[in-house]
Amino acid sequence: MNPRFSTQWPTEAQWQRGLMEWLNQQDRPCWLSWPGRDPGRHRVVVTLLHGNEPSGLKALWSMMPNPPDCAVTTHFCIANVDAARLEGGFVHRCRPGRADLNRCFGRAGVGPEYELAAAIEERIRALAPEAVVDLHNTSGSGPSFAVTIADTPEHTALAGRFTERMLHTRVRLGALMELSLPGCPVITIECGGAMDPASDEVARAGLVRFLSDDPLLLEDKGAWPLDRLKDPIRVQLAPGRAIGYGNGAIADHDLVLPPYIERMNFGWLDAGTPLGWLGPLGLKALRVSDGIGRPEVGALFYADEGLLRLRSPSKLFMITTNPRIALSDCLFYMVTAQPEAASRASD
Ligand SMILES: [Zn+2]
């Protein structure tokens, strides 16, 4: 095993003293394994690529005293220990000033995050697992969902083990799930908001199914139907623009979103719904992409006396009210009820 990883499970005494104390003692990312009924097959769970997204690790921690009956040998990568333990724990997505680890997969780059991403990929390839799931939390409050780069029966089956929503995206950012290959589906699960207790339960219940179900990659017909959202559009502010949160326009801010905007996560919103207050640049402060070259900002939104409004019925998700994440990652993702119309319009 690559010495950059620890392979030591917490002792019973460490477990009794709690997750945070154990995390503080770790000087490296961890690769931990549980044996399965079929030792010749492998599954991989990655979590804590983002240091402030603890649901996957908390779920694993809660299972340690009584591990479930694993169908196959199952490996757990606890990745960004370095960022997670800063400032009392689970505060920082990545170490300040350093690259976002979940933007470094399959990408050339220099620095410890790129090296760690490459080491994680190498270990996954060496194991040749039948499936990989990467557990995250959203920055804002909201329900769980899966994100995939392919809409195959295998990806669907995996998503359905954890959640009832699946986003199929063609945006490529350097995320772990982009390592998905035929024969080895990799999916992201956003368990819900990092602060929502329900998210820990989503991770725990999903992990139990992921660990014990066999076969894993056949759709569970008894499970809930998946709500599929295709080609979500990533909405960002243009570089150098300013975001604020409040109940009206703020001078020198290009966009102000209301503090309750997280409540809009995943509900259908009518055409004309106001989302926030634009600055003097108006819609020009926004950038949108869906990974396939469309659409235009003006096809999705319009400005109306300083208000940013939806042009057609839309669903928003991954909305954050953390300005640092809103600026460095994105404001939110969206799908529209008439995606074809959105792609044709260009006003
Ligand atoms: Zn994340």
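Read the numbers this way: they start at 1 and go in the same order the structure lists the ligands and their atoms.
- Ring pair W34/W9 is parallel by interplanar angle, where below 30° counts as parallel and above 60° as perpendicular.
- Taking the six-membered ring for Trp and thresholds of 30 and 60 degrees, F210 and F162 have ring planes inclined between 30 and 60 degrees apart.
- Judged by the 6.0 Å and 45° rule, R28 forms no cation-pi pair with F5.
- The aromatic rings of F266 and F317 sit parallel, their planes meeting at an angle under 30°, below the 60° perpendicular limit.
- Applying the salt bridge (charged side-chain N to carboxylate O under 4.0 Å, His left out) test to E53 and every residue at least two apart in sequence or in another chain returns R93.
- Within the protein, the number of N, O or S atoms lying under 2.8 Å from the Zn ion (ligand 1) is 4.
- Ionic pairing of D214 and R43 is present here: one or more N-O contacts between side-chain nitrogen and carboxylate oxygen are shorter than 4.0 angstrom.
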